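Worksheet for the structure shown next.
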Amino acid sequence: MNMQDCIDACQRCHEVCLRMAMTHCLELGGRHTEPEHLRLMLNCAEICQTSANFMLSQSSVHGAVCGACAEVCTACADSCASVGDMDECVQACRHCAETCSEMASSYQPRMARRDAGTSAGAHSH
């Protein structure tokens with residue numbers, strides 16, 4: 001899979017989640033406007049846009065963002081499937097999660113590249 005496919009999937013998911021959250025969900029109300037569901041849709045739109053931006057700018061850490069994006073997209077797809085009547089969003093999220101997982105799988109996190117000794121105590125304040 002090439003990076004452009006993943007960028008396209010992220011941009012599509014951003015567009016679908018944002019549009020459906022702000023139109024379809026708000027208009028239907030009920031389960032569609034429960035805080036956790038609506039929050040997840042807007043968060044998903046945001047991280048998809050961010051992932052696309054990281055790839056477009058050829059960031060060396062785009063894989064880390066794609067990994068997070070895949071997780072959020074999967075959660076959003078599950079939420080949309082549970083709410084119902086959101087097939088377009090479910091499909092866009094699942095496709096984006098799949099492409100982002102592939103992008104993330106080739107990424108080596110910076111922490112994993114360090115010697116174990118250098119990261120000890122890194123989180124102390």
Side-chain angles (χ1 to χ4, degrees):
M1 191 209 39
N2 69 35
M3 189 179 289
Q4 188 59 51
D5 291 337
C6 191
I7 292 168
D8 292 345
C10 286
Q11 290 176 328
R12 165 94 177 124
C13 195
H14 166 258
E15 184 261 316
V16 170
C17 284
L18 184 59
R19 176 174 43 79
M20 288 195 77
M22 302 310 287
T23 60
H24 179 79
C25 288
L26 287 179
E27 289 162 10
L28 286 177
R31 293 186 68 202
H32 289 267
T33 51
E34 285 179 1
E36 185 59 24
H37 172 69
L38 208 54
R39 188 179 298 122
L40 196 47
M41 288 191 70
L42 294 175
N43 289 162
C44 189
E46 188 70 29
I47 196 144
C48 287
Q49 185 65 69
T50 299
S51 288
N53 290 348
F54 268 66
M55 288 181 281
L56 286 166
S57 64
Q58 299 181 350
S59 169
S60 63
V61 293
H62 73 270
V65 179
C66 286
C69 187
E71 189 171 335
V72 175
C73 284
T74 298
C76 191
D78 291 347
S79 180
C80 290
S82 169
V83 167
D85 192 30
M86 298 199 65
D87 291 347
E88 184 184 9
C89 206
V90 172
Q91 290 169 7
C93 289
R94 294 233 190 274
H95 180 62
C96 189
E98 189 179 307
T99 62
C100 278
S101 290
E102 288 183 37
M103 289 305 278
S105 67
S106 61
Y107 176 70
Q108 290 294 317
R110 293 174 64 84
M111 292 301 287
R113 285 183 261 165
R114 292 190 189 141
D115 292 337
T118 60
S119 61
H123 296 295
S124 62
H125 295 289

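No experiment lies behind these values; they were computed from the predicted model shown.
Linking Ile, Leu, Val, Met, Phe, Trp and Tyr whenever their side-chain heavy atoms come within less than 4.5 Å puts M3 and L56 in one cluster. Transitive grouping of hydrophobic side chains (ILVMFWY, heavy atoms separated by less than 4.5 Å) brings V83 and M20 into a common cluster.
Open room surrounds CD on E46; 12 or fewer heavy atoms of other groups in view lie less than 6.0 Å from it. Residue E71 places its CD atom among 12 or fewer non-hydrogen atoms of other residues, nucleotides or ligands, all under 6.0 Å distant. By the 6.0 Å contact criterion, CD on Q4 is enclosed, its count of non-hydrogen atoms from other residues, nucleotides or ligands being greater than 12.
Residues H24 and E88 form no side-chain contact, since every pair of their non-hydrogen atoms from C-beta on lies 4.5 Å or further apart. The shortest side-chain heavy-atom distance between T99 and H95 falls under the 4.5 Å cut-off. Here the side chains of V65 and M55 are not in contact, with every heavy-atom distance at 4.5 Å or above. By the 4.5 Å heavy-atom criterion applied to side chains, C69 and T50 are not counted as neighbours.
Considering CE of M86 and SG of C17, their distance stands at 7.5 Å, rounded to 0.5 Å. Rounding to the nearest 0.5 angstrom, the gap separating the CG atom in N43 from the SG atom in C48 is 10.5 Å. Taken to the nearest 0.5 Å, the SG atom of C44 stands 10.0 Å off from the NE2 atom of H14. Once rounded to the nearest 0.5 Å, the distance linking CD1 of I47 with SG of C66 reads 9.0 Å. Atom CZ of R12 sits about 10.5 Å away from atom SG of C93, to the nearest 0.5 Å. The OG1 atom of T74 sits 10.0 Å away from atom CD of E98, with the distance rounded to the nearest 0.5 Å.
Taking both residues in full, the closest heavy atoms of L38 and C25 are given as CD1-CB, 4.0 Å, listed atom of the first, atom of the second, then distance. Annotation for C89 and V16: closest pair CA-CG1, 3.7 Å, computed over non-hydrogen atoms. Counting all heavy atoms, side chain and backbone alike, A104 lies closest to G63 at CB-O, 3.5 Å. The minimum heavy-atom distance linking A97 with C73 is given by the pair CB-CB, 3.8 Å. Across H62 and S59, no two heavy atoms sit closer than the pair ND1-O, 2.9 Å.
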Show your reasoning for whether side-chain contact (heavy atoms from CB on, under 4.5 Å) applies to C80 and M41. CA-CA 8 Å; C80 290; M41 288 191 70; 4.2 Å; yes
Which is it for L26 and M22 under the side-chain contact (heavy atoms from CB on, under 4.5 Å) test, yes or no, and what are the steps along the way? CA-CA 6 Å; L26 287 179; M22 302 310 287; 4.1 Å; yes
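Under the side-chain hydrogen bond (donor to acceptor under 3.5 Å, both in side chains) criterion, the residue pairs touching residues 25-34 are R31-S82, with sequence neighbours excluded.
In this structure a side-chain-to-backbone donor-acceptor pair under 3.5 Å is missing from S79 to A75.
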